[in-house]
Amino acid sequence: MFRAMTVPLGLLLALLGCTRAVDPALEEAWEGWKSLYAKEYPEEAEVIRREVWEKNLRRIEQHNWEESQGQHMFRLGMNHYGDLMDEEFNQLLNGFTPLQHEEPALTFQASAARKTPAEVDWRVKGYVTPVKNQGHCGSCWAFSATGALEGLVFNWTGKLTVLSEQNLIDCTRKLGNNGCQGGYMTRAFQYVRENGGLNSELVYPYQATDTSSCRYNPGDRAANCSTVWLVAQGSEAALEQAVATVGPVSVAVDASSFSFHFYKSGITSCTWRSGGIFSSMFCSQKVNHGMLAVGYGTSQEGGKNVSYWILKNSWSELWGEQGYIRLLKGADSHCGVANQASFPLL
Ligand SMILES: *[C@@H]1O[C@H](CO)[C@@H](O)[C@H](O)[C@H]1NC(C)=O
Ligand SMILES: *[C@@H]1O[C@H](CO)[C@@H](O)[C@H](O)[C@H]1NC(C)=O
Ligand SMILES: *[C@@H]1O[C@H](CO)[C@@H](O)[C@H](O)[C@H]1NC(C)=O
C-alpha cells in the first residue's frame, strides 16, 4: 500500500541542501521502520530517505520533550510519512484550494433558536465509515465529500455504505476538479446532484490515480443529494450547529505544518498558555486540506476545559488518534476550520 517515493533524486538533493552523515545508532530503528511500513528504495535514494527520516525523528522527539514540559497539549509520533519532507508532503497529499467564486449554494447560518448539545460524536451513532487512505494522491477533497454523503445516506436509509472517491475523481473534471491535483467538496456534491447519484466503493473502487475516464453506473446508485449548503464562512457557531443538527460536515483546514503531518494524540492548537504562551503548531487561515468534522467535545487539560473538533482524516488509521485529529475549537476558526465548510442534503 505504501509505495517507495517517485520524486526525482536531483530534486531531493536540491531540497535537502548539504548532506549530513546518517547516525549509526539509529540503524536498527531505521530498519525496523522500513520493515514495518514495507518501504523499499533504490540504493541511491536510501541514504537521502534515511536523512529525511532522521531529521523528522529528531523534530518529533524535540516536540514530545517540550510536551512533557507542559508546552503543548498534543504529541507527535513517527508514522508512514517519516521519509517525506514537508514540501513533498504538501505537494503529494494536500489537494484543496479555497474557492473565491462559489457556485450557487445555500448558506447555513447560526441561529440563537437552535440549541446544540455540549458534545457530539457521529461515530457512535453509526454515521461514519472506517478511516480510509488517499495514498500518494491529492484527493482529500473526494474523501471529505464521500464522508458527508455517507452520513447523509445513513440518516436516510439507516445503512452505512462506503461511497466511491474514484467516482468523484473520474467524473468531476468538467466541474473544475483536478483529480489527484486537488478539488472542491462543493463541486463533488454538485456532481452528485446533477448526475442524480454516486456509486459505492464496492462497485467503483479507489485507485489513487486520476487517469481513468468516468465509469459511473446509474444502475448502482448508492447515494443522492438535492441541495448543497455552505456553512457561514468563518463561523464556528454555525459549524457547531451544522455538525450537531445535520451530521458529519466537510471542512477544510491548513494542514501544511510538520506538527500536522506527524500528529499522534491530544488537542492541537497554535498557542497554549501554561505559565506563558508557547507556539505549538503553526497554522494559518489559508486552508489546503479537506477533512470531515464528525463531532466536537471538551476535555480537561491542565485544569482547564478545552473544546475541540473531532476531524476524520484520510491518511489511514496509522496517523493520529486512529486516523482522527482533535483540533482546538472556539479559537477564531483555528487552522481555518470554519472557512470552507459545506454539506449536502437530500
Ligand atoms: C435522520 O435525521 C433526522 C433529523 O435530524 C432524525 O430525526 C433521524 O433520527 C435521523 N435518522 C437516523 C437513522 O439517524
Ligand atoms: C436520486 O435522484 C435521481 C434523479 O433525480 C432519482 O431518479 C432517484 O430516485 C433518486 N434516488 C434516491 C435513492 O433518492
Ligand atoms: C469544566 O466543565 C465542567 C462541565 O461543564 C464544569 O463543571 C467545570 O466547572 C468546568 N471547569 C472549569 C475549570 O471551567
Side-chain angles (χ1 to χ4, degrees), residues 105-132 142-165 167-168 185-186 188-204 220-233 235-252 290-298 307-314 317 321-324 326-327 329-330 337-338 340-346:
L106 303 151
T107 303
F108 183 95
Q109 304 279 1
S111 151
R114 219 183 270 124
K115 297 282 170 263
T116 55
E119 305 211 323
V120 170
D121 187 346
W122 290 108
R123 294 173 296 184
V124 301
K125 305 245 188 249
Y127 276 63
V128 185
T129 60
V131 169
K132 306 180 191 182
F143 287 83
S144 171
T146 52
L149 287 159
E150 285 163 352
L152 180 63
V153 169
F154 182 83
N155 180 261
W156 275 74
T157 66
K159 275 191 287 205
L160 192 61
T161 307
V162 182
L163 296 175
S164 171
E165 291 79 29
N167 187 169
L168 295 174
M185 289 77 89
T186 46
F189 302 144
Q190 194 189 343
Y191 161 76
V192 176
R193 186 185 63 199
E194 288 168 9
N195 185 51
L198 183 72
N199 288 151
S200 69
E201 184 77 35
L202 194 66
V203 305
Y204 204 146
D220 280 325
R221 181 187 291 117
N224 244 2
C225 73
S226 51
T227 52
V228 180
W229 290 79
L230 297 178
V231 177
Q233 192 171 22
S235 168
E236 284 196 279
L239 182 58
E240 176 178 309
Q241 294 186 1
V243 170
T245 59
V246 172
V249 169
S250 290
V251 297
M291 301 181 83
L292 185 71
V294 300
Y296 56 83
T298 301
S307 295
Y308 54 83
W309 296 105
I310 308 166
L311 306 182
K312 186 188 188 189
N313 204 354
S314 46
E317 288 186 349
E321 297 181 328
Q322 284 80 49
Y324 290 83
R326 283 182 292 155
L327 180 77
K329 176 170 171 281
V337 68
Q340 296 275 328
S342 60
F343 59 88
L345 284 182
L346 191 56

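We count ligands from 1, going down the list as the structure has it; atoms in each ligand are counted the same way. Just the heavy atoms: all of them, side chains too, but no hydrogens, waters or symmetry mates, feed the values below.
Remark: atom 7 (O) of ligand 1 lies closer than 4.0 Å to no protein heavy atom.
At a cut-off of 3.5 Å, with distance as the only test, a side-chain donor of Asn167 or Tyr191 sits close to an acceptor on the other residue. For the residue pair Glu236/Trp309, the side-chain donor-acceptor check at 3.5 Å is satisfied.
For the side chain to side chain donor-acceptor pair (under 3.5 Å) criterion with Thr129, the lone passing option out of Glu201, Arg123, Glu150 is Glu150.
Contacts between Trp156 and ligand 1 below 4.0 angstrom, taking non-hydrogen atoms only, are absent altogether.
Remark: minimum distance from atom 13 (C) of ligand 1 to any protein heavy atom is reached at Asn155 O, 3.6 Å. If you check which protein heavy atom lies closest to atom 14 (O) of ligand 1, you get Tyr127 OH, 2.6 Å. Distance from atom 5 (O) of ligand 1 to its nearest protein heavy atom, with residue and atom name: Thr245 O, 4.0 Å.
Looking at Lys312 and Val131, their side chains come closer than 4.5 Å, going by heavy atoms from C-beta outward.
In summary, the aromatic rings of Phe189 and Phe343 are positioned with their centroids too far apart to meet the 6.0 Å limit.
Counting the atoms of ligand 1 from 1 in the order shown, those under 4.0 Å from a heavy atom of Phe154 are 13 (C).
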